[in-house]
Each structure stands twice: as C-alpha cells, then as structure tokens.
Peer 1: 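The structure's right below; bear with me while I get my questions together.
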Amino acid sequence: MRHRRTRPDALLRPPGAGTTRALDAIWQVVGAIPRGRVSTYGAVAHAAALPGRARQVGYALRVAPAELNLPWHRVVGAGGRIVFPRSSRQHLEQARRLRAEGVRVRDGRVAAAALTDLDGL
DNA sequence: GCCCTGACCGCCA
DNA sequence: ATGGCGGCCAGGG
C-alpha cells in the first residue's frame, strides 16, 4: 500500500482532524484526575500543554465521547467554583457526584483542599 | 472569511 | 463579594 494517510485512531473519529491532538491531550489529563480530587479548567489546559486555553477544555469535555467515561465532574472553574448555573441539572449532578467521592461541596464551591496540582502529566 | 457563541480566566472598578 | 471587559480560540452558520 503506497499511501496510508489515515491512522487507525483517525478512522474512529470524524474527519477534519487537527484539533484531535488537543482533544486527546485534554481527555488524557482529565482522565488522570484521581478520584476524590478536583482540578480546574485552566490547570487542565496548562497540563495539556495548552496554557491559556481553558475554554478549549470546556469544549473538549462538551464533545467527549461518552464511551471514554471521563470524570468530567472533577473539573471545576477557577477557585473551585462549579461553573454551571446554580439550579441547573448539570450543577446538581456534578455536586452529587463529587459528594459521592467525598468531596465537600458548599455553596457551589469545592474546598480548596480538594484541588490537586497535576504537576507532571 | 466574518460574526457570534461558548462546561473559562484574570484584572479592575 | 460582584459585575464588566478583554483575551483566548474552536465550531457552526
């Protein structure tokens, strides 16, 4: 076969890649957040070699395939704040999941102690 | 290609 | 603590 321009993983993903790298990096970082610990969009972006692109982390989680079973609830906004609107379905769901892991959630915020650094990833 | 919309963030009034 | 603003950048229309 002379030209194989499609990698195996590319076949499992819709065409028009290019951003795929960033998404994979983000998903990998999120998947590495330990149970019972939390990180922020900004920190995840940084760890995924995408400093300053916190929004892309939000997008990555938004479009993440359910099959990946990512612990999306472990990602919160700066300062440990749950970014979804107070009474939204998602906010409640995230708080519920976090509490289920023993994370204290008070007033839409997680305790600073729950934040993890995720240094080398 | 332009414009708008975001699971964001830091700064400043 | 709170709200506004600009910066960031990928998608979708």
Side-chain angles (χ1 to χ4, degrees):
Chain A
M1 350 181 105
R2 270 174 311 120
H3 60 262
R4 68 159 58 256
R5 39 238 213 305
T6 54
R7 290 168 300 143
D9 61 306
L11 296 174
L12 303 174
R13 226 181 271 317
T19 28
T20 312
R21 302 317 273 280
L23 291 180
D24 286 331
I26 292 170
W27 292 336
Q28 184 181 349
V29 171
V30 173
I33 302 173
R35 185 187 164 76
R37 322 262 8 236
V38 176
S39 189
T40 66
Y41 291 90
V44 169
H46 193 78
L50 298 169
R53 301 197 218 172
R55 298 192 87 131
Q56 198 168 344
V57 173
Y59 170 73
L61 291 181
R62 175 97 258 224
V63 303
E67 308 81 72
L68 293 182
N69 281 312
L70 291 180
W72 60 270
H73 56 285
R74 296 180 194 150
V75 182
V76 296
R81 169 178 144 279
I82 290 181
V83 303
F84 301 105
R86 297 299 300 241
S87 300
S88 68
R89 186 199 132 275
Q90 310 218 65
H91 182 111
L92 299 175
E93 174 66 8
Q94 180 163 26
R96 186 183 68 70
R97 292 197 182 200
L98 286 174
R99 286 195 256 254
E101 298 185 355
V103 177
R104 292 259 298 277
V105 181
R106 201 217 331 166
D107 208 43
R109 292 287 190 98
V110 302
L115 278 306
T116 178
D117 283 334
L118 2 121
D119 292 315
L121 280 173

Peer 1: Could you grab the distance from atom CG of A/L23 to atom OH of A/Y59, nearest 0.5 Å is fine?
Peer 2: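 One gets 6.5 Å once the value is rounded to the nearest 0.5 Å.
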Peer 1: Between A/R109 and A/G52, name the one whose nearest nucleotide on DNA chain C is closer to the 5' end.
Peer 2: A/R109
Peer 1: Drop me the distance from A/Q90's CD to A/F84's CZ, to the nearest 0.5 angstrom.
Peer 2: 4.0 Å
Peer 1: Using atom CG of A/D107 as one end and atom C1' of C/dT2 as the other, report the distance to the nearest whole Å.
Peer 2: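 Value for this atom pair: 14 Å.
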Peer 1: Has the side chain of A/Q94 got a donor or acceptor atom that lies under 3.5 Å from a matching backbone atom of A/H73?
Peer 2: yes
Peer 1: Between the base of B/dA7 and the side chain of A/Y41, is there a donor and acceptor pair under 3.5 angstrom?
Peer 2: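 Pair found.
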Peer 1: Flag the pair A/R74 / A/E101 as yes when at least one side-chain heavy-atom distance between them is below 4.5 Å, and no otherwise.
Peer 2: yes
Peer 1: Separation of A/R62 atom CZ from B/dC8 atom P, in whole Å?
Peer 2: 11 Å
Peer 1: Look at the side chain of A/R53 against the base of C/dG7 and say whether a donor-acceptor pair falls under 3.5 Å; ignore hydrogens and angles.
Peer 2: no
Peer 1: Measure from the side-chain heavy atoms of A/R55 and tell me the nearest of C/dA10, B/dA7, C/dC8.
Peer 2: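 Of the options given, the side chain of A/R55 lies nearest C/dC8.
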Peer 1: For A/L23 and C/dG11, give me the distance from atom CG to atom C1', rounded to whole Å.
Peer 2: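 Between C1' of C/dG11 and CG of A/L23: 11 Å.
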Peer 1: B/dA7 C1' sits how many Å from A/E93 CD, rounded?
Peer 2: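 Answer to the nearest Å: 14 Å.
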Peer 1: Is it the case that the side chain of A/R37 and the backbone of A/L115 share a donor-acceptor pair, with hydrogens and angles ignored and the cut-off at 3.5 Å?
Peer 2: yes
Peer 1: Which string of ( ) [ ] | and . matches DNA chain C, if you list each base 5' to 3' and count Watson-Crick or G-U pairs only when both distances are under 3.5 Å?
Peer 2: .||||||.|||||
Peer 1: Let me spell it out: for each of A/P51 and A/Y59, pick the nucleotide of DNA chain C with the closest heavy atom. Which residue's pick is nearer the 5' end?
Peer 2: A/P51
Peer 1: Check this for me, if you would: do A/D107 and A/R81 make a salt bridge, where the nitrogen-to-carboxylate-oxygen distance has to be below 4.0 angstrom?
Peer 2: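 No, this pair does not count.
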Peer 1: Would one find more than 12 heavy atoms of other residues, nucleotides or ligands at under 6.0 Å from atom CD of A/Q28?
Peer 2: no
Peer 1: Within the distance-only criterion (no hydrogens, no angle test), does the side chain of A/W27 pair as donor or acceptor with the backbone N or O of A/L70 below 3.5 angstrom?
Peer 2: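 Checking the backbone N and O of A/L70 against the side chain of A/W27, no donor-acceptor pair under 3.5 Å is found.
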Peer 1: Which of residues 76-92 of chain A have a heavy atom under 4.0 Å from DNA chain B?
Peer 2: A/G77, A/A78, A/V83, A/F84
